[in-house]
Number of protein chains: 2
Amino acid sequence: MSHLTPSYQAFADIGDDEIEQIRAFNRFYTNRIGVLDRAFMETPYTLTEARVIYELAAHGTTSASRLTEELSLDPAYLSRMLKSFSDAGLLETMRDPADGRGRLLQLTLRGRGVATDLAQRSRQRIVALLEPITENGRRDLGAAMASVQTLLSGDTPAPVTIRPHQIGDMGMVISSQAKAYAETYGWNGEYEALVAEICAAFIRNFDPARERCWIAERNGTFLGSIFLVKGSTEDTAKLRLLHVDAAARGHGLGSKLVNECIGFARDCGYRRLELWTNDILSAARRIYVAAGFTLEKEEAHHSFGKDLNGQTWALDLTAATAGVTPPA
Amino acid sequence: MSHLTPSYQAFADIGDDEIEQIRAFNRFYTNRIGVLDRAFMETPYTLTEARVIYELAAHGTTSASRLTEELSLDPAYLSRMLKSFSDAGLLETMRDPADGRGRLLQLTLRGRGVATDLAQRSRQRIVALLEPITENGRRDLGAAMASVQTLLSGDTPAPVTIRPHQIGDMGMVISSQAKAYAETYGWNGEYEALVAEICAAFIRNFDPARERCWIAERNGTFLGSIFLVKGSTEDTAKLRLLHVDAAARGHGLGSKLVNECIGFARDCGYRRLELWTNDILSAARRIYVAAGFTLEKEEAHHSFGKDLNGQTWALDLTAATAGVTPPA
DNA sequence: GCAATTTAATTGACTGAGTCAAGTATTTTC
DNA sequence: GAAAATACTTGACTCAGTCAATTAAATTGC
């Protein structure tokens, strides 16, 4: 598959329904909501004029060139518009003492009145739009708009943060792992039950000094987790429940979590870090190997509705090399 | 507060930052993305012309009046546009045999070529826009656009569905309840652990014939849950983990879940339905009372970091009145 | 220090997109 | 069969904006 013309591949990834959805949204938005900024119908000002008035009100004093740049307007167009504002008594201009070519622009009292009126109208339009929506709906709307904006603007999205667990996180750990392993490997509910039991036990027996759970998230969206819990002996710790959501893979988050865990284990004075996994989880294994873990034991078992090969890996925390960040 | 001028109240509910966000989104969208539909820059057609061509292509044969209506165009404008299309050989017209006033419009082969070319260009614009976004990002974008659209259009949102549990649901139950009770009543992680244990046990011992879990969701968003599990005796069932997310309250979802549960319990042949709750959960209590439950036992306990009053409620399933839907 | 270039603003001529009002041909209604 | 409605067309116009040329001042290069 992937050896075929990659550009076509990239195209083929984007479905017609996705495209149709964008087009539908675009139509919807420009028709129904794009009117928002044309909230000047009951005023003698056009959209662009209103934008210029806003801008003039925002800066106390500006120059025409600055406006053309900020609003990307044609200087000719702007010039005429400013003249009409002057004629209407909305604007005062004076030669710039520092640069005789330019003029300084400032709204008159009347102009500022028009500016606040326009702002008020636009505000009211939006209020009218938002009013029928519940508070929750408005919150969701804000979130949805923000996410459309960040996604489309190609801005670097909010960074991934790693933090200790809070109330509600265990459920996310359980849900995301159960779903992921069900989808990828066909594991059944047994796995969800196991994770739930581990998480419940973690909370019940939590010793903050010697145990920890790290949650990776971006913008409040759960991305992954790792746990460090006490092991069978005083100087042995256990790494558990490493998981990174599909959405966040390929950026070294797994390694980061593992190293976080190793660092804390070492700080706690543990001498040995163990973990149990299954051989089919190759992505995780690569991380463990890179971090210096070695395979200690392997045994077949039937769990989660599948025949699996359980593996016990261990890391000597007293060795200097443990937890080396793998090459990016 | 609320006795003050209610219209002002309604206004005051909507924060300046909310309004500013909408305006910001509007600016962003119209500037960066609104260009989408102007994806015809390299063609001699304007946006409106392109819209007309799309529409002509969509219907095999139409009339001008239908187009003016569908695209809400000025008939004069459209008339001239159609004439120019005819002149350019994109369009054939003929008198409507059924109505001599009207003319039937049909794209020529050449016109259809232009139509597909325009569609292709618009498609490519969108592909170019989506290409740098990851697959997950595109999914999120679609979801975010859909939610902006439904929220703003005031359309009735997707209906709430109630379905049996699937893999991954237990985590959502745990997370949403733990968060909700922590926020509302300050309960600590003990509660999350308890719910996790209950959920884990539910999966482990699940008897599909006599037990069930219902999940309420809308558009794949988790909204609430209820469980029915076997009780202490053969003919006693236990209702557990009733919860409705704050986002979905006030629409009778809780009652619906309880009635679902009661109905199933009765179908299974249970004669008695018990539940354990705490007196501070008054919203839930109202539902239980409405469904016919009676308080059987009450005892103080210290759990989840708080002093609480546990209550045991029971419902005689052999009585005819059990599970009456409360008045809306 | 001064010619050449750049920048700021203005003016004139123009276009593209769309609106409004009036008119023609046909059909529907009563 | 007259009056009203519908389907379209035409002419005159406006609004928003563009392009090119011009004027005046400021900056740069040598």
Side-chain angles (χ1 to χ4, degrees), chain A residues 30-31 34-35 37-56 59 61-88 91-106 118, chain B residues 30-31 34-35 37-56 59 61-88 91-106 118:
Chain A
T30 46
N31 291 344
V35 182
D37 263 347
R38 276 163 233 145
F40 318 99
M41 298 166 182
E42 297 128 41
T43 73
Y45 304 102
T46 67
L47 172 81
T48 321
E49 284 172 336
R51 286 209 300 155
V52 170
I53 293 174
Y54 282 157
E55 208 65 26
L56 282 168
H59 311 75
T61 318
T62 353
S63 64
S65 56
R66 203 163 145 203
L67 284 180
T68 52
E69 200 177 312
E70 276 168 2
L71 300 173
S72 40
L73 290 177
D74 182 81
Y77 184 28
L78 182 67
S79 174
R80 261 182 282 267
M81 195 187 296
L82 292 176
K83 184 146 187 297
S84 81
F85 289 166
S86 278
D87 293 350
L91 188 68
E92 279 177 328
T93 67
M94 60 167 114
R95 283 239 102 74
D96 185 342
D99 183 338
R101 294 168 303 180
R103 304 160 137 255
L104 296 178
L105 309 171
Q106 195 171 5
L118 287 174
Chain B
T30 46
N31 290 345
V35 183
D37 263 348
R38 276 162 234 145
F40 317 100
M41 294 164 185
E42 298 128 41
T43 74
Y45 304 102
T46 67
L47 171 79
T48 320
E49 286 172 335
R51 286 209 300 154
V52 170
I53 293 174
Y54 282 158
E55 208 66 24
L56 283 168
H59 310 74
T61 317
T62 353
S63 64
S65 54
R66 202 164 146 205
L67 285 179
T68 53
E69 199 178 312
E70 275 167 3
L71 301 172
S72 40
L73 289 177
D74 183 81
Y77 183 27
L78 182 67
S79 175
R80 263 183 281 266
M81 195 187 293
L82 292 176
K83 183 149 189 295
S84 82
F85 289 167
S86 278
D87 292 352
L91 188 68
E92 278 176 327
T93 68
M94 57 168 117
R95 283 238 101 75
D96 185 341
D99 183 339
R101 293 168 304 181
R103 307 160 137 255
L104 296 178
L105 310 171
Q106 195 170 6
L118 287 174

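The chains referred to below are lettered A, B, ... by the order of the sequence lines, with proteins before strands, and numbering in each begins at 1.
The interatomic distance linking E69(A) (CD) with dA9(C) (P) rounds to 11 Å, in whole Å. Atom CZ in R95(B) sits about 13 Å away from atom P in dA7(D), given to the nearest Å. At whole-Å resolution of the value, CZ in R66(A) and C1' in dA8(C) are 15 Å apart. Atom CE of M81(B) is separated from atom C1' of dT19(C) by 13 Å (rounded to the nearest Å). In this structure, L73(A) places its CG atom 7 Å from P of dG17(D), rounding to the nearest Å. The interatomic distance linking Y77(A) (OH) with dT14(D) (P) rounds to 16 Å, in whole Å. Spacing between atom CG of L78(B) and atom P of dA7(D) amounts to 13 Å, rounded to whole angstrom units. Nucleotide dA9(C) holds its P atom 16 Å from the NZ atom of K83(A), rounded to whole Å.
Shown here for T68(A) and S65(A), the closest heavy-atom pair between the two residues is OG1-O, 2.6 Å. Taking every heavy atom of both residues into account, L118(B) and Y54(B) meet most closely at O-OH, 3.5 Å.
With contacts defined as side-chain heavy-atom distances shorter than 4.5 Å, the pair R51(A)/L73(A) qualifies. Counting only heavy atoms from C-beta outward, the side chains of E55(A) and T62(A) never approach each other to under 4.5 Å.
The side chain to side chain contact (heavy atoms under 4.5 Å, CB included) test with T93(B) is passed by exactly one of L82(B), L104(B), L105(B): L105(B).
Comparing T48(A) and S79(B) by the nucleotide of DNA chain D whose heavy atom lies nearest to each, the residue mapping closer to the 5' end is S79(B). Nearest-nucleotide assignment on DNA chain C puts the 5′-proximal partner with R103(A), out of R103(A) and R80(B).
Taking every side-chain heavy atom of D74(B) into account, dC20(C) is the closest of dT10(D), dC20(C), dA9(C). Closest contact between the side chain of S63(B) and the listed nucleotides dC8(D), dG12(C), dC20(C) involves dC8(D).
For dA9(C), one of the phosphate oxygens OP1 or OP2 lies less than 4.0 angstrom from a side-chain nitrogen or oxygen of S65(A).
In this structure, T68(A) reaches neither bases nor backbone, as no heavy-atom distance under 4.0 Å exists between it and the strands shown.
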